[in-house]
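Beneath this line is the structure, given in structure tokens, with notes to follow.
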Amino acid sequence: MPLHIYNVLSRQKEPFQPLSEGKVNLYVCGPTVYDEPHIGHGKTYIAFDVVVRYLRYRGYDVLYVQNITDVGHMLDTGEDRILKKARQTSSLPMAVVETYTRSYFTAMDALNVTRPDISPRASGHIPEQIAMIEQLLAQGNAYEVNGSVYFAVQSFPEYGKLSGRKIEDLEGGARVAVLDEKRHPADFALWKKAEPEHILRWPSPWGEGFPGWHIECSAMAAKYLGQTFDIHGGGIDNIFPHNECEIAQSEAAHGERFARFWMLTGSLTLDGVKMSKSLGNTLTVKAALARWRPEAIRTFILSAHYGSPIDFSDEAIDGAHKGWRRIWGAVTLVREQLRSAAAGQPDPAILEGLAGFKELFIARMDDDFNAPGALAVLHDMTRQVNTWVNEQGNLTQGSLQAIDDLYRELGGQVLGIVPESVESSSSADREDGLVRLLIDLRSQARAKKEWATADQIRNQLKELGIVLEDRADGTIWKLAE
RNA sequence: GGCGACGUAGCCAAGUGGUAAGGCAGAGGUCUGCAAAACCUUUAUUCACCGGUUCGAAUCCGGUCGUCGCCUCCA
């Protein structure tokens, strides 16, 4: 069965066929960089990270574009949130943007999220946005009032097709005072006139101003991916108005379909309620990483389908962490045995078993990126691997290598939860040597039944965060979790 | 108020017509000098509730209750 993706546009799973054979153009709405990235960003971008990793694993040439919003998002008060932050911290707007853009990438790197191929900034694409607005004006999809330009939603009959909203319904329910200069309450800004105190401003055919909230994504997606591209992703909370407006602007301006597939991720809640900037109940990625290792956070997030909401609780993430540890324990055991395994061809029965797990893993991922199902396959495989290694014993180098390779492929390359090596620092080898020395001494003590000495070595190492495990075929060590 | 999603064991969660994956926690066991880890067995006659369709439903339809998201900046 080929890859199927749930398309929010059609509200059903559809077989995925890219526009160009073997190539996938993907756009995902990125963050507005005015504050520290939080764990909700983590959920969304880890989800799309796995989508990108899997598509590449399946052989697609993926072009991944994710914007950085550094202008245009305004508060209820009409103030740009980046300007507000700049005022609060007495710094320049673009310095605020730089600070939090770096925080964002640092946090995502720490979570082992692959960087997008292109991270275009809104402020760096003002000419493209202006050109698109001019196009909309020329076609009668937009109008200018007092130096601002608005999109006329009634000029685009399909407005609402993504979120299921109707223009008529939007009129009555409007809670926010409608700007007098709009012709229709649902019309949205493409370009806003800059008041004198507004620092972020650019010249335009309509005077000094700045782009509206949504036009950046339309302009940048078209620039880098084409007018029609394969997949548009983002958080479900942006489905309206942001994503809806993107579609309206793009399809009205280009007369072409915008994204073919829409993939939206469920929100992350913290103790039952959504984290929101206005509520202030945020858990930053940095704070989360201080408590859990990145693989535990990834495993937790991947344990629910990307489209489902997920509640971040200590109990849930601890459970995911312990589950991950079982997988990692098997991986380290295999790699440990690989150090001294006898050369030999892989056992055909083991190769056959591994092929079965791989096939099942791919089937799960092909079904709308069912990461929880794929994770379950990895758990089943882990039980089998532990049995092979413990019961069968003395696996050949070929067998162990095949097992490790599959872990690297499915757990590492695709899900990003199996690290390349147990330790990556340059002191790792020395540390390993020291621990092995102590293990050898302890083995001699144990051989003489000097248990007090043996226990002392083990206990003191444990205090240093190093755990020993005595096995029939020798002692291994690992870092305590 | 309008729109949308969801409600599966103590917790997380997969499963869109064929008779309940997986992880955590719990119980018993094997292995072990002790420990740790691992493995084995076990833990939902049942999928919020009520009614309907069907030979057959957690899965489809209607209703009720509940939770969450969006409608206003938000991943």
Side-chain angles (χ1 to χ4, degrees), chain A residues 8 11-13 28-32 34-35 37-48 69 73-77 79-81 160 163-166 169-170 172-176 186 213 233-242 264-269 272-279 282 299-300 303-305 307-311 313-327 329-330 332-333 360 364 367 370-380 382-387 389-391 446 449 451 454-455 458-459 462 467-472 476 478 480:
Chain A
V8 180
R11 305 264 164 198
Q12 54 190 344
K13 262 183 216 171
V28 173
C29 284
T32 302
Y34 71 99
D35 211 342
H38 54 65
I39 200 70
H41 293 110
K43 177 188 191 305
T44 298
Y45 300 119
I46 284 171
F48 284 108
T69 298
H73 275 196
M74 292 183 293
L75 298 160
D76 290 347
T77 57
E79 186 177 21
D80 187 297
R81 46 203 326 117
S163 59
R165 271 161 235 266
K166 294 185 173 60
D169 297 337
L170 294 172
R175 279 194 206 165
V176 174
W213 324 336
I236 186 76
D237 47 332
N238 268 337
I239 190 171
F240 189 89
H242 183 66
L264 301 177
T265 57
S267 295
L268 181 144
T269 55
V273 286
K274 187 188 159 189
M275 265 192 293
S276 105
K277 317 204 164 168
S278 46
L279 287 177
T282 56
T299 302
F300 167 68
S303 71
H305 188 256
S308 301
I310 197 170
D311 189 51
S313 65
D314 285 7
E315 196 179 7
I317 194 169
D318 284 342
H321 185 189
K322 287 175 184 166
W324 171 81
R325 254 163 44 183
R326 197 172 128 265
I327 294 173
T332 51
L333 180 58
L360 198 51
R364 295 279 168 79
D367 184 12
N370 186 348
L375 211 46
V377 175
L378 228 45
H379 274 116
D380 287 337
T382 294
R383 181 177 308 107
Q384 182 59 259
V385 166
N386 277 321
T387 300
V389 174
N390 291 319
E391 316 271 314
R446 292 177 72 216
K449 297 198 187 294
W451 308 125
D455 289 352
R458 186 174 61 198
N459 292 337
K462 190 176 182 184
V467 180
L468 299 189
E469 289 180 19
D470 293 335
R471 300 172 47 79
I476 64 170
K478 61 175 79 165

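Convention: sequence-line order gives letters A, B, ...; per-chain numbering from 1.
One P atom belongs to B:A44, the other to B:G63, and the distance between them is 34 Å to the nearest Å. Here, B:G18 and B:C12 have their C1' atoms 28 Å apart, quoted to the whole Å. Using P as the reference atom, B:C34 and B:U41 are 24 Å apart when rounded to the nearest Å. For the P atoms, the distance from B:G22 to B:U64 is 37 Å, rounded to whole Å. Spacing between B:U46 and B:A57 at atom C1', rounded to whole Å, works out to 12 Å. If you take atom C1' in B:U19 and the same atom in B:U59, they sit 12 Å apart, rounded to whole Å. Across the P atoms, B:C11 and B:A48 are found 14 Å apart, a figure rounded to whole Å. A distance of about 38 Å separates the P atoms of B:U42 and B:U67, rounded to the whole Å.
Distances were taken from every side-chain heavy atom of A:Asn370 (C-beta onward) to each of B:A75, B:G69, B:A14; the shortest belongs to B:A14. Nearest nucleotide to the A:Arg11 side chain, out of B:G69, B:U16, B:G4: B:G4. Set against B:A14, B:G4, B:A75, the side chain of A:Leu268 has B:A75 as its closest nucleotide. Comparing B:C11, B:C73, B:C39 by their nearest atom to the side chain of A:Trp213 picks out B:C73.
OP1 or OP2 of B:G69 has not a single side-chain nitrogen or oxygen of A:Thr269 nearer than 4.0 Å. Here A:Ser308 does not reach the OP1 or OP2 of B:G69: none of its side-chain N or O atoms lies under 4.0 Å away. Taking side-chain N and O atoms only, A:His379 has no distance below 4.0 Å to OP1 or OP2 of B:G22. Between A:Asn238 and B:C70, a side-chain N or O to OP1/OP2 separation shorter than 4.0 Å is absent.
The side-chain ring of A:Tyr45 is not stacked on the base of B:A75, judged by centre separation under 5.5 angstrom and plane angle under 30 degrees.
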Intermediate values then yes/no, side-chain contact (heavy atoms from CB on, under 4.5 Å), A:Leu333 and A:Glu469: CA-CA 11 Å; A:Leu333 180 58; A:Glu469 289 180 19; over 6 Å; no

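Scanning both residues, A:Lys478 and A:Gly329, for their nearest heavy atoms gives NZ-CA, 4.1 Å.
Note: A:Asn390 CG to A:Arg471 CZ = 4.5 Å, rounded to the nearest 0.5 Å.
For B:G4, its base never sits under 3.5 Å from the side chain of A:Arg165 at any donor and acceptor pair. One cannot find a donor-acceptor pair under 3.5 Å joining the base of B:A36 and the side-chain atoms of A:Arg458. A donor N or O paired with an acceptor N or O is found under 3.5 Å between the base of B:G33 and the side-chain atoms of A:Asp455.
Here the side chain of A:Lys43 pairs a donor or acceptor atom with the backbone of A:Gly266 at under 3.5 angstrom.
Comparing A:Asp311 and A:Arg383 along RNA chain B, the residue whose closest nucleotide (by nearest heavy atom) sits nearer the 5' end is A:Asp311.
Remark: A:Ala316, A:Gly319, A:Lys322, A:Gly323, A:Arg326 in residues 316-326 of chain A come within less than 4.0 Å of RNA chain B through at least one heavy atom.
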